[in-house]
Amino acid sequence: MKRIIPHTVINIALLSFAFGQSAIAQESGSSTSEQEVRQAIEKYRTALLRRDIPALEQIWTDDYFFVNASGEMLSKAQRLANLKSGATTLGSINEEEDLKVRIHQNTAVATSRVTIKGQYSGQPTGGQYRSIHIWVKGLTGWQLVANQLTALAAK
């Protein structure tokens, strides 16, 4: 009985150490993933500004959808068509305001306040919006599954 207690204490200590290391590794992995998502957001912003169709085709998943500030839902094909035709051209996108990225295993949710100026579906647009992006990590890296913009009231 006297030998069981020290062995039990040692095993508990080792398990605690192992779980502590696991938590540290997860936190480090989450931090790395957050940086990767932030880089993906910047790549996405640049691709939209340049109307870089090949880059956007890779950034957006095949089943990607976008809910615009009017509440319309557009597919990947519809968004690409708008960009290819010139109906959508963006002069500036400032998405660094209040940007938060939350990692949940291979999924990331990014929220921010974004200021946009340009033309959307043939109509001049501009203003501040609340933005949400949903990213998934696959074999080729982080891809955008869906995003939505909600217009913010003028202050």
Side-chain angles (χ1 to χ4, degrees), residues 15 17-155:
L15 285 172
F17 179 73
F19 284 119
Q21 291 298 315
S22 175
I24 291 169
Q26 286 176 352
E27 187 175 305
S28 175
S30 178
S31 177
T32 300
S33 292
E34 180 180 339
Q35 290 307 313
E36 290 171 355
V37 170
R38 287 177 180 272
Q39 290 170 356
I41 290 169
E42 180 56 27
K43 182 179 175 182
Y44 176 50
R45 187 184 78 77
T46 301
L48 281 173
L49 289 170
R50 294 183 180 164
R51 291 182 27 219
D52 185 344
I53 303 302
L56 291 167
E57 286 175 331
Q58 290 184 347
I59 291 169
W60 292 331
T61 61
D62 290 340
D63 60 347
Y64 163 83
F65 68 91
F66 170 63
V67 179
N68 66 24
S70 299
E72 299 167 322
M73 194 160 112
L74 297 143
S75 68
K76 178 179 182 175
Q78 290 168 315
R79 290 229 45 211
L80 289 171
N82 276 344
L83 289 162
K84 286 177 184 176
S85 71
T88 296
T89 56
L90 299 170
S92 67
I93 305 169
N94 179 1
E95 190 153 23
E96 283 136 32
E97 299 174 49
D98 199 26
L99 177 62
K100 292 183 177 85
V101 177
R102 292 162 190 86
I103 305 296
H104 304 277
Q105 296 176 355
N106 69 334
T107 304
V109 178
T111 56
S112 68
R113 189 178 63 189
V114 60
T115 304
I116 298 174
K117 292 181 185 171
Q119 178 176 296
Y120 180 76
S121 293
Q123 300 297 317
T125 189
Q128 289 194 340
Y129 304 87
R130 180 63 60 194
S131 169
I132 186 166
H133 292 184
I134 302 170
W135 297 82
V136 293
K137 188 170 188 178
L139 296 176
T140 60
W142 290 97
Q143 286 188 286
L144 189 58
V145 175
N147 67 301
Q148 178 175 348
L149 291 178
T150 303
L152 296 176
K155 292 183 179 182

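Heavy atoms only: backbone and side chains are in, while hydrogens, waters and symmetry mates are out. These numbers were taken from a predicted model, which means no experiment stands behind them.
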List the residues meeting side chain to side chain donor-acceptor pair (under 3.5 Å) with K137, not counting sequence neighbours, and say none if there are none. E36
With a 4.0 Å cut-off, would you call R130 and D98 a salt bridge? yes
Value rounded to 0.5 Å, distance of CD1 in I59 from CG in D52: 7.5 Å
Holding to side chain to side chain donor-acceptor pair (under 3.5 Å), I want the full list of residues that pass it with N147, two or more places apart in sequence or in another chain. Y64
Is the number of heavy atoms from other residues, nucleotides or ligands within 6.0 Å of CD (Q105) greater than 12? no
For the backbone of A87 and the side chain of Q119, can you confirm whether one donor and one acceptor N or O come within less than 3.5 Å of each other? yes
To the nearest 0.5 Å, how far apart are CZ in F65 and CD in E72? 14.5 Å
One should read off an interatomic distance between R38 CZ and K100 NZ, to the nearest 0.5 angstrom, of 10.0 Å
Tell me whether R113 contacts the main-chain N or O of Q128 through its side chain, where contact means a donor paired with an acceptor under 3.5 Å. no
Which heavy atom of A47 sits nearest a heavy atom of A55, and at what distance? CB-CB, 4.0 Å
Between atom CD1 of I103 and atom CD of Q35, what is the distance when rounded to the nearest 0.5 Å? 9.5 Å
Evaluate whether atom CD of Q58 has more than 12 neighbouring non-hydrogen atoms of other residues, nucleotides or ligands under 6.0 angstrom away. no
Taking W60's backbone N and O only, do any of them form a donor-acceptor pair with K76's side chain (distance below 3.5 Å, no angle check)? yes
